[in-house]
Amino acid sequence: MKAIISLSGGMDSAVVLAEALAAERQVEAVGFFYGSHHNSYENKAAEAVAKHYGVPFRLIDLSGVMAGFKSNLLDGEVPEGHYEDASMSKTVVPGRNIIFASILAGLAWSREAGEVWLGIHSGDHAIYPDCRPGFFWAMKRAVEEGADGRVTLVAPFLMNSKGHIVRRGLELGVPFGLTRTCYKPQQKPCGKCGSCTERLEAFASNGVEDPVEYGK
């Protein structure tokens, strides 16, 4: 079966890509440029991960569409601290996964791919409403209804922690050193934003060191 993978360049989507390949899906990876501070670094990482696995990668530019959206990822300072801190709500991009999933579903339908795989997981439930189970199941039903059953959504780690995703990625040999998680617009990830702290905790919970190099 053909599958479209939402590949952001982060560790979660990289493991989703590996999981889809392990499930013998014929994969096409898609990323989005939507104008966030860190977006260009993410997209380079996504391209590197796709190249590693030998799968086609397509980048869709939504920067014009999302230019007026309110989020510190788009226009403002990225907060530091724990990923479940209330300040991290400033990094919510309104409707981002609604938009992404809709475009991916339309692309899957056009490409005769029956599945769209997403990397949402339980670590995102506290802050991001469009990563929660209620959103996923509602969006899955909407996609299946809107595509007349031609396309469905798959979220293999919906109820799993970031630590579980790292563990599964290690089992699958995911090249975590190629991935990018940091929300800050700098060459080396900061290690201090909520996204970085969640990543570092996930590796620590598995007793392994994160292979990426952190800077200031």
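Positions are given from 1 along the sequence.
Between C131 and H121 there is no side-chain heavy-atom pair separated by less than 4.5 Å. Side-chain atoms of V92 and D130, non-hydrogen and from C-beta on, never get closer than 4.5 Å to each other. Within the 4.5 Å cutoff, the side chain of F176 has no heavy atoms near those of the V212 side chain. A heavy-atom distance below 4.5 Å is not found between the side chains of F57 and V30.
Considering every non-hydrogen atom in both N206 and R167, the closest pair reads OD1-CB, 3.2 Å. Closest approach of A202 to S205, counting heavy atoms only: O-OG, 2.7 Å. In terms of heavy atoms, V55 sits closest to L21 at CG1-CD2, 4.3 Å. Summarising the geometry of V27 relative to P56, their closest heavy-atom pair is O-CD, 3.6 Å, with the distance given to 0.1 Å. Residue A23 comes nearest to W117 through the heavy atom pair CB-CH2, 4.2 Å, listed as atom of the first residue, atom of the second, then distance. Across all their heavy atoms, P189 and R180 have their closest contact at N-NH1, 3.6 Å.
For E28 and R58, the salt-bridge test fails: no basic side-chain N is under 4.0 Å from an acidic carboxylate O. Using a cutoff of 4.0 Å between basic side-chain nitrogens and carboxylate oxygens, K44 and E47 are not scored as salt-bridged. We find that D210 and R199 are joined by a salt bridge, their nearest charged nitrogen and carboxylate oxygen being less than 4.0 Å apart. The existence of a salt bridge linking E115 and R25 is confirmed by a sub-4.0 Å separation between a basic side-chain nitrogen and an acidic carboxylate oxygen. Taking 4.0 Å as the cut-off between side-chain N and carboxylate O, E213 and K188 count as a salt-bridged pair.
Between atom NZ of residue K2 and atom CD of residue E112 there is a gap of 6.0 Å, rounded to the nearest 0.5 Å. The distance from the CD1 atom of I165 to the CG atom of L170 is 12.0 Å, given to the nearest 0.5 Å. Atom OG of S122 sits about 6.5 Å away from atom CG of N160, to the nearest 0.5 Å. Distance check: K184 NZ to K192 NZ gives 7.0 Å after rounding to the nearest 0.5 Å. Taken from CG in L118 to CG in N97, the straight-line distance is 7.0 Å, to the nearest 0.5 Å. The line from CG of N72 to SG of C193 is 12.5 Å long, rounded to the nearest 0.5 Å.
Two different hydrophobic clusters hold L178 and Y41 under the rule that ILVMFWY side chains link at heavy-atom gaps under 4.5 Å. A continuous path of ILVMFWY side-chain contacts below 4.5 Å connects I4 to M139, so both sit in one hydrophobic cluster. Linking Ile, Leu, Val, Met, Phe, Trp and Tyr residues whenever their side-chain heavy atoms come within less than 4.5 Å places I120 and V93 in a single cluster. Put simply, F69 and I127 are part of the same group of oily side chains (I, L, V, M, F, W, Y) that touch within less than 4.5 Å, one to the next. L104 and M1 fall into different hydrophobic clusters, where Ile, Leu, Val, Met, Phe, Trp and Tyr residues are linked whenever their side-chain heavy atoms come under 4.5 Å apart, directly or through other members.
Not one N or O on the side chain of S13 forms a donor-acceptor pair closer than 3.5 Å with the backbone of G119. Looking at S195, its side chain never comes within 3.5 Å of a backbone N or O of C182 through a donor-acceptor pair.
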Extract all donor-acceptor atom pairs below 3.5 Å that involve side chains of residues 145-157 and protein atoms in other chains or at least two apart in sequence.
unit_1 : atom_1 : unit_2 : atom_2 : d
R150   : NH1    : A147   : O      : 3.2
T152   : OG1    : K140   : NZ     : 2.7
T152   : OG1    : E144   : OE2    : 2.5

Subject >> Y34 vs I99, side-chain contact (heavy atoms from CB on, under 4.5 Å): CA-CA, chis, key distance, verdict >> reply: CA-CA 11 Å; Y34 60 97; I99 295 166; over 6 Å; no
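Under the 30°/60° scheme for interplanar angles, the aromatic rings of F100 and F32 are found to lie parallel.
Looking only at atom types and distance, the side chain of S89 has no donor-acceptor partner in the side chain of Y128 under 3.5 Å away.
Taking the ring pair (Phe, Tyr, Trp, His ring centres under 6.0 Å) definition, one finds that H37 meets it with nothing, sequence neighbours left out. Under the rule for a side chain to side chain contact (heavy atoms under 4.5 Å, CB included), the partners of D61 that lie at least two apart in sequence or sit in another chain are F33, S63.
The 12-atom threshold is not exceeded at CZ of R111, counting heavy atoms of other residues, nucleotides or ligands nearer than 6.0 Å.
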